[in-house]
Structures are given as C-alpha cells and as structure tokens.
Amino acid sequence: MKNENIRLRFAPSPTGPLHIGGVRTALYNYLYAKKKGGTFILRIEDTDQTRYTEGAEAYIKDALAWLGMTFDEGPTAGGDYGPYRQSERKEMYAQYAKQLVDQNQAYYAFDTSEELEKARERAKERGEHSMKYDSSSRYEMRNSLTLSKEETTALLEKGENVTIRLKVPKDEIISFEDEVRGKVSFNSNELDDKVILKGDGMPTYHMANIVDDHLMKISHVVRGEEWLSSTAHHVLMYRFFNWTPPVFAHLPLILKPSGKGKLSKRDGAKFGFPVFPLLWESKDEDDYLGFREAGFLPESLLNFLLLLGWSSGDDVEKYTVDDMIAKFDLNRIIKSGARFDYDKAKWFNQQYIIESSSSYLLPLVKAELAKHTISREDDFVLRLIELMKERVELLPEFYSKSTFFFQRPTSYDEKGVRKKYKVENQNHFDALSHAVESLNSFTSLELEKLVKAYIENNELSFGAIFPVLRIATTGSMQGPDLFGTLELLGREEVLIRWKAFFQFVNPKG
RNA sequence: GCUGUGGUCGUCUAAAUAGGCUUAGGACACCAGACUUUCAAUCUGGGAAAUACGGGUUCAAAUCCCGUCCACAGUACCA
C-alpha cells in the first residue's frame, strides 16, 4: 500500500535542542507523508562541524518519539537511501560539485575568509551595503575564472582555502511554484555565487540538501520560510544537474507572543513558557524547559502546533492524529507568520486532559507525584485523577492543586472561616463528626446522604455547613467535590483534620 | 540598503483554488449569567471601533490592479 512516489524528509541540523518551529515542520512533513501513504524520513544535516552539539541528535529523536512521529527511514531506522547523516555522506558531494565545475556552472574560489571580510568592508566604505560575490564581482576575486590554469592547478594541489562556488548566470528570471505562496521569482542578478563546497571538503547546506533530496528521491520539501530566498539557488542547481526538483512548500514563521520577531529561546525564559518539546540540559548554557516537563500531553502539543499555521477551513479545532492525517493538506497552509499563544496551548492541554482516560493519565500523574517523593497505590491515584482532572491545565497541577491530599492544612482560609463558621453551630459539627465516625461505609455517596439528611433534619442551610467542612479538611474554600475528597482522604484522616480545625476555631469548646 | 514574503477582532484563524451567500463567522483570552457548598468543567449571553492606509476597476472588493506604510526573512566557507 505504500506510495513510493511520496517521500518527505525532516532535516534538522544538530546544533542544539529542536525548536518548536522545527517540531511543527516535522509535523507537517509527517502528516503529509502519512496522508499520502508515503515515507517519512529523518535526515541529520550535520555539515557544519563547528556547530555540532553533543546530544542534539539524540534530543531530536527523543522529541519525535515523544510526539509519536515515527520515521520510516533515518540514522537509526535505516533504509535504502542511507546513510542518513550528512557527515557520513561527505565523499558523495565532492563529485557533484566537480561535475558542476566541469560543466562550467561552478568554479574554484581561493579567497580566504579574511580576504572576503576585507572586500566586504571595502564595499561598505564605498557605501554599498555589502559585497556580493556574484556575476558582477567574481572576476575581481581569486578563483579559477580569473587565475590561469597553471595557477589554479597549483593552488588546488596546495589544497588550502579551496572552495567551490556556484556560477549563477546573469540576467535570468528564476521562478518556481511554491505550494503555499504560488509562483515566486527571482532575478538571477540578485543571487550571489553561493559556496557549495567548503574548505574542509564538506558541502554547504545548499549542495548537500539538493544532492540528498535527489538521491533520496524526496518528492516534497516542506521547510521554514527562511529557506525561501535560497530556493532560487536550489532550482538553479536542479537545472544544472538536469534533475527534477521536488515540490516546495515554505512554512510561515512562528512569532513571539508580543513584540517583534520570531519566537526565540529567550522568550521562553522571559515569559515563563517552554519553546522546546523536551527539557534541554547543557553544560555551558542555561537549561531550557520543555513542553513535556511543563506538563503537556504530546497530542495536545501536536494539535496546538497543527493550527499554528494551518487551518482546515471549517470550525473544527480538536484533532486526533488520525483526523490530522485525514484533513491536512499543503495548500491550506497559512502564508503569514503566526504568533505563539501560550494560553491557547494550555487550553488544548486542559481539553486533552479532560478527555483522556484516567488509566492513560495514571503513569504521568504518578511521575508528577514522584517528583515530590509521593508514592501512592494506583487505586488512590486513579481516584485523585477523577477528582482533579477538570481543574488541571498542566500535569504538575495534579500535585500543586491537590497538596491537601498529602499534607494536613497548616492554615485555614481566614475570610472563609470568618464568613462561614458560626460558633453556635459547633454542636452540629460535633454531632456530624460523631455520625461520620460511626458511619457504616465511608464513601462519597453515604457521606453526602448523611450530611444532607442532617442539614435537613436540623433545618440548617448547606452554606452554613458545607464550606466549613471543606475548610476543615483542606484549609481552602475551593477544590474538588467535598465528599469525593473526604472519601479519598479516608475516615481516620478526616476526623483528625476536623478535630484539629474545631480546636483551632473554638479552643474553649 | 537590496531582494523576497506577508498584513482580517488582543491572539490563532474562516470567508480557498471563480469578487456577490458578510449586517465580516469560529476558537483562545476577557466580562456577565446559569449550574454548583466552592473552584473548575459545562451551557447561555456580551463587548469587541478587525479587513494597514490611499487611490482605482466594478452594479458589487477583505477578495482584482496601482501606490504608500508596516512587519518578517534572506543578504556567511550557518543551517
């Protein structure tokens, strides 16, 4: 059933933790591949050895695994088009770069970084905003176009500072069809002669990318908008090689919640929300919080991300992964940048928590409790989840909003006590305590029956009794169902807490 | 600067690939009411001074054209 013609790749570069924008890119690639019955591929673009970061590749895989985006081919999964790490494909690129030189569509350039920098400075002084290595300037530089054959071969043999640059033709309109933006055109005079093979023998992104996409038979390139401008170079190279280019789709950027620019890792620290899927720990910089650690369910993050840059056209907001696969399409990707809205992300999470079964939540909640060195029977935690589910947005709140289950109140809501507790009712509370003590089965249902009957028989009001019992057991005016709370706490504990409370408010009694 | 891409409520977006179905719809957030012992959830309602601005074209424009402005991206031997 596999559609061999549909092959999409997610191609991150292991320079650090995977940014949330990258996660969305992965998601769109994944969804489209699945939708079309195609193949989803993970390719690691580690051509820049200076930026290689320990642990980044593992992080990427962990993040994809957590989110359930399993890849069919990749560094660990294998596949027929490997290796899937560009550093392991180094030898393959040089021949293609040379082919372009032989075809006179690329050339050797020997300028050192320092020389280039100087040239740029000179250009700036002349009032030009920067020097472009292109059809207008290439004949003033040190390269195989300006040097004699002998000089060139000598320099090549020396092998220092040898790069290969793309020879971008003059006066041409280069256009391509983008699935989200339509026809996009560039005048080739605006394009610089990009380095395609670096001094260390590694290809640059542009080279590696199109060679691999071609060799791996990639049908659709779905990537961030920052690549739109260089796509002209890419289509040029496809033409030089006489290869059919893939379908392109450039995704809008994810913007800061407020202010200017795209979402950065600093925004996370600044506004107190995660911008990475998983916690990232690093020796030389601060740790970065992840959505997982913040208490998000992977499916809710996916749902939130899906709608940050794509819309189905109807009013549906909640999608299971299967729905996403069924409904997703490239042509409904939004063109403009999307602002990151943490409130909405939390709303999705709350919705997913409410709709999740307690047994699904069980291990997650147990893990949250374990962080506070609390360990309880599954049955207890399950009942806790039932009680708390609807009032939790983030997983850690299963602890933070229910601490009273694990600790006796150390203080009582002052205003609540003042307004609700009446000394003249103390005899009723005493009576209630006795009744609870001798109640046959200590269940939420029986407790409710008992208290309600008592109130009616004594012509009291709910408002005079319920809130007091709540404060007495939890210390607070708000919280989950009172009788459910009592049941979960257990008779012995409840009576101890009540006694303590009544002694506190009425020491003489 | 140059090139490219965008610009609908505070935010995400609908009105798509043929301009009329729009008194511009939905969701988040916000406010109020209902329900609750409380909070939450849920339901109902509310407000939004949202089509960047200015010109066209047309019987009719958020949708097409032109100009302006604004934002973002690229402008590296980084990806």
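Numbered from 1 within each chain, the chains take letters A, B, ... in sequence-line order. Keep in mind it's a predicted model, so treat the numbers as computed, not measured.
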Just compare [options] and give me whichever is closest to any side-chain atom of [X].
X	options	answer
L228(A)	A76(B), G4(B), A27(B)	G4(B)
F462(A)	U37(B), A14(B), G26(B)	U37(B)
D343(A)	G25(B), A29(B), A79(B)	A29(B)
W347(A)	G74(B), A29(B), G6(B)	A29(B)
N331(A)	U37(B), A16(B), A76(B)	A16(B)
R165(A)	C28(B), C77(B), U37(B)	C77(B)
R470(A)	C78(B), G4(B), U37(B)	U37(B)
K262(A)	G74(B), U75(B), C78(B)	G74(B)

Scan every strand shown for a Watson-Crick or G-U wobble partner of [N], both distances under 3.5 Å, and answer none if you come up empty.
N	value
C35(B)	none
U5(B)	A71(B)
A15(B)	none
U22(B)	none
C30(B)	G46(B)
C77(B)	none

Looking across every strand, which nucleic acid part, if any, lies under 4.0 Å from [X] by heavy atom: base, sugar-phosphate, or nothing?
X	result
G479(A)	base
D481(A)	base
Q351(A)	sugar-phosphate
R181(A)	sugar-phosphate
R223(A)	nothing
E190(A)	sugar-phosphate
I334(A)	sugar-phosphate
G416(A)	nothing
T47(A)	sugar-phosphate
T163(A)	base
D111(A)	base
L482(A)	base
S185(A)	sugar-phosphate
F186(A)	sugar-phosphate

Are [X] and [Y] linked by a side-chain donor-acceptor pair shorter than 3.5 Å?
X	Y	answer
S312(A)	Y319(A)	yes
D111(A)	N161(A)	no
D323(A)	T320(A)	yes
D212(A)	Y84(A)	no
Q426(A)	Y421(A)	yes

(request) Please evaluate the base of A27(B) for a donor-acceptor partner in the side chain of K344(A) within a cut-off of under 3.5 Å? (result) yes
(message) Between the base of C77(B) and the side chain of N161(A), is there a donor and acceptor pair under 3.5 angstrom?
(response) yes
(request) Any chance you could measure F398(A), atom CZ, to K389(A), atom NZ, to the nearest 0.5 Å? (result) 8.0 Å
(request) Decide, yes or no, whether a salt bridge links E117(A) with R120(A) under the criterion of side-chain N to carboxylate O below 4.0 Å. (result) no
(message) Can you work out whether E225(A) or K452(A) has the more 5'-proximal nearest nucleotide on RNA chain B?
(response) E225(A)
(message) If you assign each of I354(A) and S336(A) to its closest nucleotide in RNA chain B, which residue comes earlier from the 5' end?
(response) S336(A)
(message) Is Q86(A) close enough to C78(B) that one of its side-chain N or O atoms is under 4.0 Å from OP1 or OP2 there?
(response) no
